[in-house]
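Working notes, beginning with the structure itself.
Basis for what follows: all heavy atoms, side chains included, without hydrogens, waters or symmetry-related copies. Just so it is clear, the model here is predicted, and its values are computed rather than measured. Every chain is numbered from 1 and lettered A, B, ... according to where its sequence line falls, protein lines coming before strand lines.
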Number of protein chains: 2
Amino acid sequence: MTVIFSKKCELALQAVLYLSVNKDKNFFSASGISEQIKMPKEFIAKILQSLVSHGIVVSKKGKTGGFNINKPLNEIRLIDIVAAVDGLEIFHKCVLGFEGCNVEQPCPLHNKWGKLRDMTYNMLSEETLLDILDKTEEKIKSINPANI
Amino acid sequence: MTVIFSKKCELALQAVLYLSVNKDKNFFSASGISEQIKMPKEFIAKILQSLVSHGIVVSKKGKTGGFNINKPLNEIRLIDIVAAVDGLEIFHKCVLGFEGCNVEQPCPLHNKWGKLRDMTYNMLSEETLLDILDKTEEKIKSINPANI
DNA sequence: TAAAAATCAGATATTTATGTCTGATAAAAC
DNA sequence: GTTTTATCAGACATAAATATCTGATTTTTA
């Protein structure tokens, strides 16, 4: 099986999207979020905790605690979330798994995949949560239970 | 962790590339191939067996047996190998994992990722083993032990 | 015909990714 | 201050991907 984002990363993006849409409101608990997104709250909690350690999300303990976005939405790029959860290996490693692959000794797919990979990286670097949110609020209201 | 091809698929592509370069010669045993590519022969054997069942590779039992490419090199596209090993899910599924994502109700990344994903699919569909081989023989001689 | 060397099918083992649990700590409500 | 309800850290469990093994079959060579 091939994936572009891991399950963890998909979830992280979904959860962060959810928090973005509701940024003005109070903190959201892991169980609250898990009711919206169809994923186990323990898993969501773990993922959000790691985003806290990366400074993308902020958390608050105690009775009215939970998670929320830590910065202005236009300062968080999608690539930041991907980097925090999955790492950026995919953008450096040879797509065919050849150790010695580099510019001087490119593998057969080096140039063609390299171009697409760079475009993907750029896209994820250009898009911030704010950009996403704009698109989201316009027309993506019934795609999922959370109405993200 | 993110990947574009699974380990299995990387290996399959490497092995098939190796066979392509040496297509004129006789059948290559799994252990012979595993000496060139740095992967365990049992695993290579398993992968090649599945390519046999997909008609991409042909095998021969017995003392002088082994594996070889089953068709003219210009009739095998990279996407055929990817499809056989990893499947084509990645080219259909929502990149954010939203169930209801589609053209009418696109997720926030639907269009941008969709474009890149289609370009990747097209690239893999256009490139045949023959195309790859040409590039390979020109300039990729010391990238790996197999000199693929 | 017997021995050697290969694929093949399916079971098994190992590793990694995904998912769950437990007890500790912190903050708010009473 | 006690109870409630949240995060947090780290251990634990399960599932999936990766890797290995075993015995059967096939084919060549001697």
Side-chain angles (χ1 to χ4, degrees), chain A residues 1-15 19 25-35 37-70 82 84-87 89-90 93 97, chain B residues 1-15 19 25-35 37-70 82 84-87 89-90 93 97:
Chain A
M1 216 247 305
T2 19
V3 284
I4 179 73
F5 299 142
S6 70
K7 203 85 192 163
K8 249 183 199 163
C9 193
E10 279 182 11
L11 249 195
L13 288 164
Q14 288 193 13
L19 292 177
K25 311 207 178 97
N26 277 329
F27 283 68
F28 284 85
S29 69
S31 51
I33 298 172
S34 87
E35 277 170 29
I37 301 175
K38 79 231 162 171
M39 279 288 160
K41 68 170 196 286
E42 296 89 351
F43 199 34
I44 290 191
K46 265 269 168 287
I47 292 168
L48 286 177
Q49 277 161 33
S50 91
L51 290 182
V52 168
S53 76
H54 282 86
I56 295 169
V57 165
V58 65
S59 67
K60 192 179 128 192
K61 279 188 174 181
K63 200 157 187 183
T64 60
F67 300 93
N68 207 338
I69 298 290
N70 193 30
V82 174
V85 179
D86 278 345
E89 268 185 293
I90 193 181
K93 268 185 28 182
Chain B
M1 216 248 304
T2 18
V3 282
I4 179 73
F5 299 143
S6 70
K7 201 86 193 162
K8 247 183 201 164
C9 193
E10 280 182 10
L11 248 194
L13 288 164
Q14 288 192 13
L19 292 177
K25 309 206 179 97
N26 276 329
F27 283 69
F28 285 86
S29 69
S31 52
I33 298 171
S34 88
E35 277 169 28
I37 302 175
K38 78 225 161 179
M39 280 289 160
K41 68 169 195 288
E42 294 89 353
F43 199 34
I44 289 191
K46 265 267 168 285
I47 293 168
L48 287 176
Q49 277 160 33
S50 90
L51 290 181
V52 168
S53 76
H54 282 86
I56 295 169
V57 164
V58 65
S59 67
K60 191 180 132 195
K61 280 188 173 182
K63 199 158 187 181
T64 60
F67 300 93
N68 208 338
I69 298 292
N70 193 30
V82 174
V85 178
D86 278 344
E89 268 186 293
I90 193 181
K93 269 185 30 182

Rounded to whole angstroms, how far apart are CD1 on A/Ile47 and P on D/dA9? 16 Å
Would you mind reading off the distance between A/Phe27 atom CZ and D/dA6 atom P, rounded to a whole angstrom? 14 Å
Rounded to whole Å, the CZ-C1' distance (B/Phe43 to C/dT16) equals 13 Å
Report yes or no: is there a donor-acceptor pair, N or O only, under 3.5 Å between the side chain of B/Lys46 and the base of C/dG10? yes
Distance, rounded to the nearest Å, where A/Asn70 contributes CG and D/dT7 contributes P: 16 Å
Between A/Pro40 and B/Phe28, which residue's closest nucleotide on DNA chain C lies nearer the 5′ terminus? B/Phe28
With a 4.0 Å cut-off on heavy atoms, is A/Lys60 in touch with a base, just the backbone sugar-phosphate, or nothing at all? sugar-phosphate
Starting at atom CD1 of B/Ile33, determine the distance to atom C1' of C/dT7, rounded to an integer number of angstrom. 12 Å
Minimum-distance nucleotide to A/Lys63 side chain [options: C/dT7, C/dA29, C/dC8]: C/dA29
Is there a side-chain contact between B/Val85 and B/Leu11 (heavy atoms, below 4.5 Å)? no
Go through D/dT20, D/dA19, C/dT25 for me and flag the one nearest to the B/Glu42 side chain. D/dT20
Considering only heavy side-chain atoms of B/Lys8, the closest of C/dA6, D/dT18, D/dT28 is D/dT18
How do A/Gly62 and A/Met39 order along DNA chain C: which one's closest nucleotide is nearer the 5' end? A/Met39
Rounded to the Å, how far apart are A/Leu19 CG and D/dT7 P? 11 Å
From the options C/dT18, C/dG19, C/dT7, select the nucleotide whose nearest atom is closest to the side chain of B/Gln49. C/dT7
Over all strands shown, is B/Ala30 touching base, sugar-phosphate only, or nothing at heavy-atom distances under 4.0 angstrom? sugar-phosphate
Does the B/Asn70 side chain pair with the main chain of B/Val58, one donor and one acceptor, at a distance under 3.5 Å? no
Interatomic distance where CG belongs to B/Asn26 and C1' belongs to D/dT28 [whole Å]: 13 Å
With a 3.5 Å distance limit and no angle check, can you tell me whether A/Asp86 reaches the backbone of A/Phe5 through a side-chain donor-acceptor pair? no
From C/dG19, D/dT25, C/dA28, nucleotide with atom closest to A/Thr64 side chain: C/dA28
Enter the distance from A/Leu48:CG to A/Phe43:CZ here, rounded to the nearest 0.5 Å. 11.0 Å
Between C/dG19 and A/Lys41, counting only base atoms on the nucleotide and side-chain atoms on the residue, is there a donor-acceptor pair under 3.5 Å? no
Against the side chain of A/Lys61, the closest entry in C/dA4, D/dT7, C/dA29 is D/dT7
Base, sugar-phosphate, or nothing for A/Phe67, non-hydrogen atoms under 4.0 angstrom? sugar-phosphate
Tell me the interatomic distance from B/Glu89, atom CD, to D/dA17, atom C1', rounded to whole angstroms. 14 Å
Is A/Ser59 near enough to D/dA6 that one of its side-chain N or O atoms lies under 4.0 angstrom from OP1 or OP2? no
Taking atom CD of A/Glu35 and atom CD1 of A/Ile44, what is their separation to the nearest 0.5 Å? 10.5 Å
With a 4.5 Å cut-off on side-chain heavy atoms, are B/Leu19 and B/Val57 touching? yes
